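For clarity, every value in this text was computed on a predicted model and none was experimentally measured.
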Amino acid sequence: FLLIGFILAMLLRMANTTTSLIDVNVRSSELIAEARLSANVAARNAQTMVLFPKMISEAEPEVHAAVATLEKALTELQAIYPLDDNMDDTYVQATQTWKTELQNTIDMIHNNQPGKAKINLEQVCAPALDSMAAAGTTMQANLNQVQSTIVLSQRSNVRIFMIFCVVVI
């Protein structure tokens with residue numbers, strides 16, 4: 001009975017590790033991608049607002065909707081991000097910087113400063129978006145490394161378990 005208990009405990013441990021990988025690491029990756037996509041949608045619509053002032057009424061709600069989706073993804077990401085590398089904080093800070101510059105661009109548009117808005121979009125907002133993307137890329141690379149480590153560990157555990165079962169049986 002002790003042997004059966006040990007075997008069941010090892011199987012449960014392997015299942016929990018796999019579940020954690022799927023539930024946390026993969027969801028974190030999805031949220032990073034969702035945040036980046038939302039930021040790009042918002043940036044593209046802000047660019048439309050700058051280049052085509054007659055489309056402000058159509059593009060601005062899209063900016064705000066994309067930012068809302070981005071904020072929702074960031075909130076969940078911060079709650080579940082599994083690593084202790086502080087990259088989630090770096091990503092959120094980069095996102096906040098970009099959002100501030102995005103809002104500054106929109107304010108310039110509303111204050112009839114299209115030239116300033118275009119310069120801000122190109123020289124400040126776009127680099128801030130690039131910084132956000134770079135932080136997201138680093139987070140994703142870190143998650144991928146951890147996922148690879150977990151998969152290798154699982155393979156090793158399965159081999160050990162199989163060897164153990166063969167030796168005992």
*asked:* Just verifying a value: how many Å separate Glu60 CD and Ile106 CD1, rounded to the nearest 0.5 Å?
replied: 5.5 Å
_Residue pairs fulfilling salt bridge (charged side-chain N to carboxylate O under 4.0 Å, His left out) with at least one residue in residues 80-107, sequence neighbours excluded_ = Glu71-Lys99
*Charged N-O contact under 4.0 Å between Lys72 and Glu34*: no
*asked:* side chain to side chain contact (heavy atoms under 4.5 Å, CB included), that's the test. Do Val92 and Tyr81 meet it? Break it down for me.
replied: CA-CA 12 Å; Val92 168; Tyr81 187 66; over 6 Å; no
*Closest non-hydrogen atom pair between Gly136 and Arg36, with its separation*: C-NH1, 4.1 Å
*asked:* If I take atom OG1 from residue Thr105 and atom CG from residue Asn120, how far apart are they, to the nearest 0.5 angstrom?
replied: 4.0 Å
_Is it the case that over 12 heavy atoms from other parts of the model lie below 6.0 angstrom from the CD atom of Gln145?_
no
_Distance (rounded to the nearest 0.5 Å) between Tyr91 OH and Gln96 CD_ = 11.5 Å
*Any chance you could measure Leu102, atom CG, to Gln47, atom CD, to the nearest 0.5 Å?*
12.0 Å
*Smallest separation among heavy atoms of Ala42 and Val63, with atom names*: O-CG2, 3.6 Å
*State, with a plain yes or no, whether a side-chain heavy atom of Val50 is found less than 4.5 Å away from one of Pro114.*
no
*asked:* Any heavy-atom pair between the side chains of Thr69 and Val41 that's under 4.5 Å?
replied: no
*Linking I/L/V/M/F/W/Y whenever any side-chain heavy atoms sit under 4.5 Å apart, do Leu31 and Leu83 land together?*
yes
_Would you say that His110 contacts Ile56 through its side chain, given a criterion of any heavy-atom pair below 4.5 Å between the two side chains?_
yes
*What pair of heavy atoms forms the shortest contact from Ala135 to Met87, and how long is it?*
O-CE, 3.6 Å
_Rounded distance [0.5 Å steps], NZ in Lys54 versus OG1 in Thr48_ = 15.5 Å
*What pair of heavy atoms forms the shortest contact from Leu129 to Ala43, and how long is it?*
CD2-CB, 3.7 Å
*Leu70, Leu37: one ILVMFWY side-chain cluster at the under-4.5 Å cut-off?*
no
*asked:* I want to check something: taking the side chain as every heavy atom from C-beta on, are Pro61 and Asn45 in contact at a cut-off of under 4.5 Å?
replied: no
*What is the minimum heavy-atom distance between His64 and Gln103, and which atoms define it?*
CE1-OE1, 4.1 Å
*Might you point out which heavy atoms bring Ala46 and Ile109 nearest each other, and give the distance in Å?*
O-CD1, 4.4 Å
*Taking C-beta and beyond as the side chain, do Glu76 and Arg27 meet within less than 4.5 Å on heavy atoms?*
yes
_For the CG atom of Asn25 and the CD1 atom of Ile80, what is their distance to the nearest 0.5 Å?_
9.0 Å
